[in-house]
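Heads up, the thing below is written out as structure tokens.
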Amino acid sequence: MRTLDEVRATLQIAKLKEEDLQAVTHCLSFGENASSGDYGLLELDDALCRHIEAGKSLTIRGDKDEHAVLCSEDKTYDLKIADTSNLLLFVPGCRTPDQLGDHPQLPQLVHAQIWGYASSYWELRHQRPKLKKLKKLLMESPYSGPPVGTEEEAPENKYTMEGFLERIQASREEIEAHLQKIHACEIDGYWRILDFDYDLKLLGHVTQLVDSESWSFSRVPLRTCLEELGPLEPTAMIEHCLNCYGRRSDTEEGEVAYALDEDKVCRAMAQMLLQNAVKFNLSEFQEVWQQSVPEGMGTRLDQLRGLALVDRNSRPETISLLRVEDLPEETMERFNALFSMREKWTQDDIEPYIQDLCGEKQTTGALLTKHARSSMQNGVKVYNSRRPVAT
């Protein structure tokens, strides 16, 4: 153990004045079992520090073939190792000047033992959750309605929330939000996604009942729906359909009612039409589409953002199914896929397919500036790839 005299002698050799330094000197020594393999360092921002200090946990997620991510309750972070030229020491007994309380006037020695050391640390960067795999798992066993007769569903390929948390690189809140977005529901303890045809069947029952009862689309009573349609389908599925395609509210009479969302209903009918054709004559599609939706609802092409792509350059003009959820999750791969389909894009056309790639406070314009090159074509700004497109 060093003494104060030895510390003063070292300061003289280093040509440092004692009065220019803190009064407390820490003397460090390596513990018997100090090593670089027992500890790891994680750099946290203020929000994550408060998260840990509150007694909450952080979880590292990823399969063997995936790059690991770290998740809190509501956010996902990319994990990367950052090397440092300085050796980082783990010294539990070390105190910073602000932890010393009243600053001592007389020189003091504090002996602290080094428990471990490292030359790198884990750096965190907030990133978008990787949720494409979630729908892929759900599509292994889509729900097509209750079993018929004595038929029973096989328990394989069904997932609980705990199962998703083990396999999906996202926080619980992000997973729950995405399950709601893709119209998944919990059935007998397992999360399921409805087969699209069955989803449309339920929606058809609801819209036909609205028409037969001459109800307003803005006021569809839940209780009557369940009573009328209960003999046809499970009441839980009818209510799930109303939650997916409507907005719930309480009436003055204390009843629960739903306002059907015109855009969501029209979008579902458009997907039904487009999924059976490679390309559709645009004018013919618009006519058939309007005829397929419930009377009183109006169809508009802007309802199909992120679902269908219109080709204004073909003669006649065409429309085809292109769902944003079917495109790659990674930014570079997404742009490569888009520019493989079409060499030049207007901002209005490409925006729905890159909106979900934007990070915090990032705009689609900034994303296009980074990954695409702009030019003018017939007075309209268009974007093409900055890099050779891989085929």
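Quick note: residue numbers are just sequence positions, from 1. Keep in mind it's a predicted model, so treat the numbers as computed, not measured.
In the model, Tyr258 has a side-chain atom that pairs as donor or acceptor with a side-chain atom of Asn243 under 3.5 Å. Judged by distance alone, the side chains of Thr76 and Gln169 never bring a donor and an acceptor atom under 3.5 Å apart. Side-chain contact check for Tyr245 and Asp199: at least one donor-acceptor pair (N or O, by modelled atom type) lies under 3.5 Å. Asp78 and His67 form a side-chain donor-acceptor contact under 3.5 Å, judged by distance and modelled atom types alone. Judged by distance alone, the side chains of Glu351 and Thr364 do bring a donor and an acceptor atom under 3.5 Å apart. Glu227 and Thr224 share no donor-acceptor pair across their side chains, judged by distance under 3.5 Å alone. The closest side-chain donor-acceptor pair between Thr299 and Gln290 falls under 3.5 angstrom.
Using a distance-only test at 3.5 Å, with no hydrogens or angles considered, no donor-acceptor pair links the side chain of Tyr117 to the main chain of Phe30. Within the 3.5 Å criterion, the main-chain N or O of Tyr159 finds no donor-acceptor partner in the side chain of Arg192. Trp191 places no side-chain N or O within donor-acceptor distance of the main-chain N or O of Lys158, the cut-off being under 3.5 Å. Remark: side-chain polar atoms of Thr363 are paired, donor with acceptor, to backbone N or O of Ala366 under 3.5 angstrom. Side chain of Gln303 to main chain of Arg300: a donor-acceptor pair is present (N/O by atom type, distance under 3.5 Å, no hydrogens or angles). Panel note: side chain Arg167, backbone Asp63; no donor-acceptor pair is recorded below 3.5 Å.
Contact check for Phe339 versus Arg386: no side-chain heavy atoms found under the 4.5 Å cut-off.
Salt bridge Arg223/Glu255: present, at least one basic N to carboxylate O contact under 4.0 Å. A salt bridge is defined here as a Lys NZ or Arg NE, NH1 or NH2 lying under 4.0 Å from an Asp or Glu carboxylate O, and Asp45 with Lys75 fails to meet this definition. Look at Lys132 and Glu325 and you find no salt bridge, because none of the NZ, NE, NH1 or NH2 atoms lies under 4.0 Å from a carboxylate O.
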